[in-house]
Structure formats: C-alpha cells, structure tokens
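Take a look at the structure set out below.
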Amino acid sequence: MERLSKVFQPITAIGKNHQRTHKDFTSKSHRLMIELGIIQQALPGCFHILPMGLRALNKIVNIVDEEMQRIGGQKTCFPTLVKSNLWERSGRAVEMGPELITLNDRHDQKYILGPTHEETAANLISTLGTTSYKKFPLLLYQITSKFRDELKPRFGLIRGREFLMKDMYSFDVDQENALKTYNTICQSYDRVFQRIGVDFVKVLGDSGAMGGNLSHEYHYPAAIGDDKILLCHQCNHATNTELTGKHKCSKCGESENISIESAIEVGHTFLLGDKYSKPLKSVYLNENGKPEDLQMGSYGIGVSRILGAVLECLSSEEELRWPDSIAPYNVVIITPKKGSKEDQLIGNLGENLYRNLESFMPNLKNDIILDDRTEWTIGRRLLDCKRTGIRYIIVLNKNSCETPPRYELNDIVKNVQLNLHESDIVSYINKNGQLDNERLKSSSN
C-alpha cells in the first residue's frame, strides 16, 4: 500500500502573501516542480528527479518502450563517453562546437559526453564487418542521459545541460526501404504523443546540423517555446518557420488564414541517408556479395523535456496538472486527522477503500496513494494534493461515519466535488478516467 507519509516530497509551503521573486524560476513548470518536490536543482541545467517526478518519467518511458518495440525496435545502451574522432570523421565536432561537453582522460585521449549517438551507432555496425542484406532493416534505440553545454539553461527540464532522451537509429539497404522505415517510425511517434494525451503539433522540420533530406518535429504549443511554427488553417499544414516565409503556407500558398505560434520541440525524426554511414564505413553485403553503404534514420524523443513541457501546457500558476497517462498517482485518499472524532469512528476505512478501489479498477493498481499524514489537518493535505495535481482526491469526513459510508470526491480537472458511496466512486472514475476528449485531441497534421 502506497503511503504519502513515506514519500520523499519536500513541499515548499506558500503563504497567502508570499511573493515569489527567485530569479532562477524561468517558467511556471520549473517553479511548481521545485516548490512541490517533483525535482530539485543540483546545478544549473541539471536536476535531481525526486520520487514523484520519477514515477511520471517512468510512465513516459513505458509508453515509449511499448511503441518502439511494437515496430521491432530493439533496446540497447550505448556508452555515454564517445571518442571525439568519430565526431571529427562525421564533421559534427566542428558543426556543434561549443555545445559539446568534452574531456580528456589520463592518457590525454579526447572524449565527448554524448548529446546524441548517430556516430556511435554507425560505428557499431561498421565494427561488425560486412553484414548480409537479410539482416535489415535494423532498429536500435536507447533511453539514456544526454549532455549539451547550453549557454543559458532555462525553463527547468525543458532546456538543460543533462536530459533524458530516447534516440533510435535505423539501418536500411536502400533509400526506398529507408523511407518506409521512416514513415513507420513517424507513425509510432504519433501514437506515443496520442497516448500521452496532450495537444501536439507535427510539423515539417529543419534537419540542421543533423543532416539528411527529410525531417519532422513534434511540438507542444506554449508561450515559452523557443520554436516558431506556422499553422495554416486553410489546409492544416504546419511547418517550422525556419523552413518557410513567415506569412505564407509552403503547401497551399495561403497567406491570410495562418497563425504563428511559439512551441516546445519534444520529438524529432530525420531521414539521414548516408551522412554517417559513409564516413564511418557502415556497410552491408548486397545480393551479389558486394559492400554498399547503409541508409540511416535518426529519431529522438525528449523524455524529460516532455515531463516539463506537458506541465507547462496544462498547469495553472498555482497548481500542477498532469495528463492521466503520466500522473505520479491518479487517486489519493485523505484520512481524518489523528485524534479527531472521525478518526476514532472510521478506523481502517481508508485502507479498506484503497484495497477495494484497486480490486474493482485494476487499471489503477499502483496509481492510488493513501495520505496518512494524520498530524496535519485535512485542509492542509487537500491543498497539497491539489497543488501536486493528483486528479481524484477522496476525503474521509463525517459522512464517512454513516452506514454505508459516503466519501467526498474531488475531481480537480473537472473542478467538481461530490459526496458518493464507494460503488459510485468506481462508476465516476471509470466514466471520467481520461481528461476531456476535446481538450486532449491531438493535432497530428
């Protein structure tokens, strides 16, 4: 049984007249995640992910794992340390320059802390010698920490020096098959973001230093976003403004019925061709036994960035809001204050309700927590749980002393408070288990 009294969640109590002036809080998601014990800053651009935050992060990882493996992706783990000569061979050591975090070992060998692993993946294949065309396509992915020397880290998890990313690398024998693989993986990305359940926009992207001739980006529209995306309301086409004139749709030519929005990039796909396979000698043996260059694709999802971005999109200035799919917990049960009249009459009712809800709603297994911090008032705990963003808050009060007991159910997404019997709570949560469909309708143009 999960108990809130055992969770390490250092919450900063905010007084009525408290003024937040900390200059390092660059976004509401950054501030709220610090105040509510989801993360703590270790150094500029690097954070401790605390238990509540890690639960949410692991849910994102599980969604990504399921969708990558559904299309044949094989999970691996590349070294964080990358020999710099690999990046010199690809040309990116110069292209990315100051963004790379480099170090020398005791033998004066130069390394890079990997911000991404195209060179590493291509080099892995090249070290295997020549592999038959029958072994392809090959899809390898990992979910690991990446590093980038941001000039000015900001927005908490949205732009940091260390971040958790899913990166996948595809290898195909020719351009036609590489494009098929690319489209398959893009469809899997669509499903990832649809399952997370927050409005997103898929746009034609800029390949930049990554290279290649086809690229798509996945964005969450948000005022603090660094990217600008052009949305054509005439044909529903969307592009990064880096690729098009700022006031004209590149698909239909519309110049009136368009809008430009700020957005946070959370995913990016690239069809790379032989940009990395050729210089790193990643080849295969064709049907005639002759070596040919492999065609590559690269696909990234900012796992920790998603965590910050969805909270930035959904939260108010005072309270976190999560999509149900990745919330640390979906239900909290608040028991009476220790020594109160209700506490003496109710006994173990809170624990019994916990077990019954798990039994009747197996999908909530491990998503319910008991707020047994009985040294605090119900009001204080209710405020903490609302600010943390636990969607369903069930309070045991004087009505819970009745036979049969009634419970106060607070749905903080719909902003309703109901007094229900246990069976009615089950019916309500089953009916309203996901956020409003209209609010979560994905824009995958």
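The shown structure was predicted, so the numbers you read here are calculated from the model rather than taken from an experiment.
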(request) Hey, could you give me each pair passing ring-ring contact (aromatic ring centres under 6.0 Å, His included) that has a residue in residues 35-67? Not counting sequence neighbours. (result)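 Residue pairs with at least one partner in residues 35-67: His30-Phe47.
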(request) Any ring-ring contact (aromatic ring centres under 6.0 Å, His included) involving residues 124-152? Give me the pairs, sequence neighbours left out, ordered by first then second residue. (result)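 Listed once each, the pairs would be none.
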(request) First locate atom CG of Leu307, then atom CD of Glu312, and finally report the distance between them rounded to the nearest 0.5 Å. (result)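 One gets 12.0 Å once the value is rounded to the nearest 0.5 Å.
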(request) Please step through salt bridge (Lys or Arg N to Asp or Glu O under 4.0 Å) for the pair Glu35 and Arg387, ending with a clear verdict. (result) CA-CA 10 Å; Glu35 291 178 353; Arg387 292 185 65 220; 3.2 Å; yes
Can a donor-acceptor pair be found between the side chains of [X] and [Y] at a distance below 3.5 Å?
X: Gln109; Y: Asn104; result: no
X: Gln74; Y: Thr76; result: no
X: Asn177; Y: Asp174; result: yes
X: Asn286; Y: Glu292; result: yes
X: Thr388; Y: Gln9; result: yes
X: Asp190; Y: Tyr218; result: yes

(request) Start with the C-alpha gap between Lys146 and Asp167, add the side-chain angles, then the distance that decides, and say whether salt bridge (Lys or Arg N to Asp or Glu O under 4.0 Å) holds. (result) CA-CA 10 Å; Lys146 309 295 191 294; Asp167 45 325; 2.9 Å; yes
(request) State, with a plain yes or no, whether a side-chain heavy atom of Asn432 is found less than 4.5 Å away from one of Lys414. (result)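 In short, these two side chains touch, coming nearer than 4.5 Å.
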(message) Can you tell me which residue among Asn410, Asp371, Ile394 is in a side-chain contact (heavy atoms from CB on, under 4.5 Å) with Cys385?
(response)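 When Asn410, Asp371, Ile394 are each tested with Cys385, the side-chain contact (heavy atoms from CB on, under 4.5 Å) holds only for Asp371.
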(request) Test salt bridge (Lys or Arg N to Asp or Glu O under 4.0 Å) on Lys59 and Asp324 and set out the steps. (result) CA-CA 10 Å; Lys59 289 186 177 184; Asp324 289 354; over 6 Å; no
(request) Check side chain to side chain contact (heavy atoms under 4.5 Å, CB included) between Ile71 and all other residues, then give those that pass, not counting sequence neighbours. (result)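 So Ile71 forms a side chain to side chain contact (heavy atoms under 4.5 Å, CB included) with Leu139, Thr184, Ile185, Ser188, Arg191.
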(request) List for me each residue that meets side chain to side chain contact (heavy atoms under 4.5 Å, CB included) alongside Lys134, sequence neighbours excluded, and say none if there are none. (result)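 With neighbours one apart ignored, the set is Ser132.
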(request) Sorted by first residue and then second, give each side chain to side chain donor-acceptor pair (under 3.5 Å) pair with at least one member in residues 268-280; sequence neighbours left out. (result)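 Sorted pair list: Arg92-Tyr276, Tyr182-Thr269, Ser215-His268, Glu265-His268, Lys278-Asp293.
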(message) With a 3.5 Å distance limit and no angle check, can you tell me whether Thr26 reaches the backbone of Phe155 through a side-chain donor-acceptor pair?
(response)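 Between the backbone of Phe155 and the side chain of Thr26 there is a qualifying donor-acceptor contact (under 3.5 Å).
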(message) Tell me every residue that passes ring pair (Phe, Tyr, Trp, His ring centres under 6.0 Å) with Phe171, counting only those two or more places apart in sequence or in another chain.
(response)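 With sequence neighbours excluded, Phe171 shows a ring pair (Phe, Tyr, Trp, His ring centres under 6.0 Å) to no residue whatsoever.
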(message) Once you measure the plane-to-plane angle for Tyr299 and Tyr189, does it fall in the parallel (<30°), tilted (30-60°) or perpendicular (>60°) bin?
(response)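 Correct class here is perpendicular.
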